[in-house]
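Notes follow the structure.
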Amino acid sequence: MRYDFAAIEKKWQEKWDKARIFHAEDHDTRKKFYGLVEFPYPSGAGMHVGHIKAYSGLEVVSRKRRMEGYNVLFPIGFDAYGLPTENYAIKTGIHPRQVTDTNIAKFTQQLRRVGFSFDWERVVDTTEEGYYRWTQWIFLKMFEKGLVFRDTALVNYCPSCKVVLSNEDSQGGKCDICKSDIVQKSKDVWYLRITAYADKLLKGLDDVDYLPNVKMQQVNWIGKSTGAFVNFSLAGTTEKLRIYTTRPDTLFGVTFMVMAPEHPVLDRYRDRIQNAAALDEYREACAKKTEFERTQMNKDKTGVKIEGLCAVHPITGKEIPIYISDYVMMGYGTGAIMAVPAHDERDFAFAKKFGIDIIEVIKGGNVEEQAYTGDGEMINSDFLNGLTDKKTSITTMIKKLEELGVGEAGVQYKMKDWAFNRQRYWGEPIPIVHCEKCGMVAVPYEELPLRLPAVENFAPGEGGESPLAKIESFVNCKCPKCGGDAKRETDTMPQWAGSSWYFLRYIDPLNAECLADYEKLKYWLPVDWYNGGMEHVTRHLIYSRFWHKFLYDIGVVPTAEPYAKRTAQGLILGPDGQKMSKSRGNVVDPNDVVDTFGADTLRVYILFMGDYASAAPWSESSMRGCKRFLDRVAQLAERATGTGVTKELETPFHRTIKKVSSDIEEMKFNTAIAAMMTLLNEIDEVGHLTVTELGTLVRLLSPFAPHLCEEVWESIGGEGFCSLAAWPEFDEAKTVLSTVEVAVQVCGKLKGVVAMPKGADKDTALSIAKADERVAAAIAGKTVVKEIVVPDKIVNLVVR
RNA sequence: GCGGGUAUGGCGGAAUUGGCAGACGCGCUAGAUUCAGGUUCUAGUGGGGGCAACUUCGUGGAGGUUCAAGUCCUCUUACCCGCACCA
């Protein structure tokens, strides 16, 4: 058979499409499988081979599941709201809607050429009215349940993109979109109270099968810590200075307190503070620093002592000086700490610099030299003295604090609430109306979608306000509650909004009554297997779990967790070993590869490159090897004759079926392909195979190289589509030859390989091994002191 | 600083979990086919030694456990990823 990949691929893509063989049937009686891949952001650059890798893993699994008789849902869509499109639109003057449509068309064409078995009848586009209507609906439900709030706060702000960013979007102090330095800015911010779900998000991880590093990253991001809240009083006031600590056991070691420069107590007691000017100066200097600068300068501690205001120790009643310092953050705990220099490195550094007393309360180190953070016997600590177990000390102290009414056990999370608004045009409008009389009022559900108005100028305002603010017809409206004049919220939602629930919409993409029919959700959920990038683990993955858990709580979805299993693919690096990027000029366009080598070769190569979860550099010459492999498979179509089993090939086939079947489940695609290459080499050595056997080989290979396999399947008279043919089965007993090769060692050195019957007992194995010429020579004249036999594997003779 | 990971030929990577290290592919060498380039085919291909059968060394480094270690233990080096003044 001539392997004309271009013709073959086009032919079968059309046939599949016409026969709708990848269409998922709701409520089908077959077992269901929902395989999900992260839908792409349709950027102007088009797809690169990294996208192909991201989808190829579950593409193979989904194709295998269909052949195993499952009703498979393997959908695709487009996460199309977002800044790059808007920035491109501003630059070129082309409307984002048009840019998006063009890009989606390009992506669709690229995806189809690779022959992915997506259900194209379920495509979702987050920017479509019928879709974002439900994004807004979920937002309003959260508003209704008190999970949405507005606050004026210091936020992460990107001066280049002119938007507020969430904590997740500004990791490392850089803007996630343009990599500019983030600054802190006081703005009106809409928050989603994700912290209310922190514990559920953490606990839910126990019930799902996620890659260990995925799970761990989420655990760290949520950052649960247990400790205690302690109320210190402010001398001469009724005010309590509340702090959070994970080490309440060290309470007797407190020698000073530190407040974040932004702490509100400072303003409340301004009149009592004698050095207000000095404090103001310090506070202003801090405000100018970026979050990045503030967290990076962790060597040299700075701060100012507050004169005229001091705290009172809740147990000893001693007066304790208070400082302000930017090593304490307003955003974590209570924005104030009790400082125990003897047992905390940061407090120690601060105390040394400012000449503050150090009181040792745990024995074990030299606290004049450095902070001791280890365990040891409690001293200088009243009722804790003599205790040596940290846990006991902590619980004893917490009990005491509770008795005295000055503190209690508490939990803190590093995760912060989700800053949810963006001062941009290309996003879902936030469906809230501001009324002078009624305050913030939800747009009634029946008025959804609140449409994004068409505008000419979608550039953001200089003051960082949304482009929508300039459109009077949009802004001015009537209050849904009182009917009076009101103004619409003009900010839009972040890109992550639409992607937080897209996997639900695939289940019922056209529903106009609800986001998805409950019965259909019950049939398809949870997503059985979700594959995506590591970069989304502390963003999209955590956001979408939050939304899903909320929807579960209000009875809209039937499962507590959206994804039963989550894996991640590794990056494809450029041929130079560097991350693929436009600026490096090392990006590989899948269209070019499909043109030269064909889609099947591209697919096989991408999965053959290496471990699916690891990064691997692109190599065109390696890809030629994959092309050669497929060429040789195509040749077999002419060589296969007769039916039934070729004796010499029986074991190789059973072994390969077993290996490929299990490797796919473990995402070890590289070794699955290697096993098929090995089988092909064995076929060539034998020099003959039957049509039956070729049918088995192409069914095994079909998930990887489906077009070629269909063509071969057809040419040998296979029934129906190869893509729907039954997955080959193996007989365990036939995966091993009746004669096995056993290595024989003398004193751990390999002396020979002998053939013996499978399962030979120790005595048989030994006599066969000793009969081997080389082995006999090696033990001649020596005493065998130990004989080790591992059946079917190895014989080791220890001689003296 | 904390947490996680990786290290195997010239290259990408295998190794059924303690049992023949280097599967499979690339590249390379020699030969065949071809007017030539490409393709295809055959043989070889971890290092050292030997005409050879063979021998010896070999999984970042140093020790250890074991009949047997890429795999387990101790120490150590380099790189990658995530978080980072988280109280």
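Side chains included, hydrogens not; waters and symmetry mates left out as well; all remaining heavy atoms used. Computed from a prediction, not measured in an experiment: that's the story for all the values here.
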(request) Apply ring pair (Phe, Tyr, Trp, His ring centres under 6.0 Å) to the pair A/F608 and A/F669, showing each step before the final yes or no. (result) CA-CA 6 Å; A/F608 184 64; A/F669 306 113; over 10 Å; no
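Pair check for B/rA32 finds B/rU40; Watson-Crick or G-U wobble, both atom distances under 3.5 Å. Nucleotide B/rA53 has no partner under the Watson-Crick or G-U criteria, as no pair reaches both atom distances under 3.5 Å. Partner assigned to B/rG27 is B/rU45, using Watson-Crick or G-U wobble distances below 3.5 angstrom. In this structure, B/rU65 makes no Watson-Crick or G-U wobble pair, since no nucleotide meets both defining distances under 3.5 angstrom. With a cut-off of 3.5 Å on both pairing distances, the Watson-Crick or G-U wobble partner of B/rC79 is B/rG5. In this structure, B/rG18 makes no Watson-Crick or G-U wobble pair, since no nucleotide meets both defining distances under 3.5 angstrom.
Looking at heavy-atom distances under 4.0 Å, A/S619 makes no contact with the nucleic acid at all. Backbone-only engagement by A/D611 is indicated by non-hydrogen atom pairs under 4.0 Å involving sugar-phosphate atoms exclusively. A/Q412 comes within contact range of no nucleotide atom at all, as no heavy-atom separation falls under 4.0 Å. No contact: A/K658 has no heavy atom under 4.0 Å from any strand. The residue A/K224 sits apart from the nucleic acid: no heavy atom pair falls under 4.0 Å. Among the atoms of the strands shown, none is found under 4.0 Å from any heavy atom of A/A336.
For the pair A/L708 and A/L630, the tightest heavy-atom approach, listed with the atom from each and the gap, is CD2-O, 3.5 Å.
Among A/K658, A/H654, A/R655, the one residue that satisfies the side chain to side chain contact (heavy atoms under 4.5 Å, CB included) test with A/K734 is A/H654. A ring pair (Phe, Tyr, Trp, His ring centres under 6.0 Å) with A/W418 holds for exactly one of A/Y543, A/W496, A/Y191; it is A/Y543.
In this structure, the OH atom of A/Y413 is 13 Å from the P atom of B/rA87, given to the nearest Å. Computed from coordinates, the A/F608 CZ to B/rG12 P distance equals 14 Å when rounded to whole Å. Straight-line distance from the CG atom of A/D631 to the P atom of B/rG38: 17 Å, rounded to whole Å. Straight-line distance from the CZ atom of A/F669 to the P atom of B/rA23: 23 Å, rounded to whole Å. As rounded to whole Å, 16 Å separates atom P of B/rG25 from atom NZ of A/K627. The nearest whole Å value for the distance from the CG atom in A/D347 to the C1' atom in B/rA87 is 7 Å. Rounded to whole angstrom, the span from the CE atom of A/M609 across to the C1' atom of B/rG27 amounts to 16 Å. For the pair A/I542 CD1 and B/rG82 C1', the computed distance is 13 Å after rounding to whole Å.
Between A/K786 and B/rC67 there is a side-chain polar atom (N or O) within less than 4.0 angstrom of OP1 or OP2. Between B/rU40 and A/R628, a contact under 4.0 Å exists linking OP1 or OP2 to a side-chain N or O. Regarding contacts with the backbone of B/rA87, a side-chain N or O of A/Y332 is found under 4.0 angstrom from either OP1 or OP2. A close approach under 4.0 Å does occur between a side-chain nitrogen or oxygen of A/K668 and OP1 or OP2 of B/rA15. Within the 4.0 Å cut-off from OP1 or OP2 of B/rA68, not a single side-chain nitrogen or oxygen of A/K751 is found. The side chain of A/N670 places an N or O atom within less than 4.0 Å of a non-bridging phosphate oxygen (OP1 or OP2) of B/rA14. Phosphate contact (OP1/OP2 of B/rC20, side-chain N/O of A/N796, threshold under 4.0 Å): absent.
Across B/rA23, B/rG13, B/rA87, the shortest atom-to-atom separation from the side chain of A/A616 is found for B/rG13. Set against B/rC24, B/rG82, B/rG19, the side chain of A/M677 has B/rC24 as its closest nucleotide. Among B/rG3, B/rC85, B/rC20, the nucleotide with an atom closest to any side-chain atom of A/M216 is B/rG3. Among the nucleotides B/rG12, B/rG27, B/rC20, the one closest to the side chain of A/P617 is B/rG12. For A/V753, whose side chain is taken as the heavy atoms from C-beta onward, the closest listed nucleotide among B/rA14, B/rG19, B/rC20 is B/rC20. Set against B/rA14, B/rA87, B/rC20, the side chain of A/T671 has B/rA14 as its closest nucleotide.
Residue order along RNA chain B, read from the 5' end via each residue's closest nucleotide, puts A/T678 first among A/T678 and A/Q217. If A/C626 and A/N213 are placed on RNA chain B by their nearest nucleotide, the residue sitting closer to the 5' end is A/N213.
Of the C1' atoms belonging to B/rA14 and B/rC20, the separation is 15 Å, rounded to the nearest Å. Straight-line distance between the C1' atoms of B/rC72 and B/rG49: roughly 34 Å, to the nearest whole Å. B/rG13 and B/rA7 have their C1' atoms separated by 13 Å, with the value rounded to a whole Å. Nucleotides B/rC75 and B/rC26 are separated by 38 Å at their C1' atoms, to the nearest Å.
By the 30° and 60° cut-offs, the orientation of the rings of A/F350 relative to A/Y327 is tilted.
Ionic pairing of A/E741 and A/K793 is not present here: no N-O contact between side-chain nitrogen and carboxylate oxygen is shorter than 4.0 angstrom. Ion pairing of A/E787 with A/K770 is present here, as a side-chain N (NZ or NE/NH1/NH2) and a carboxylate O approach within less than 4.0 Å.
Inspection of the A/N531 and A/Q569 side chains reveals an N or O donor paired with an N or O acceptor under 3.5 Å.
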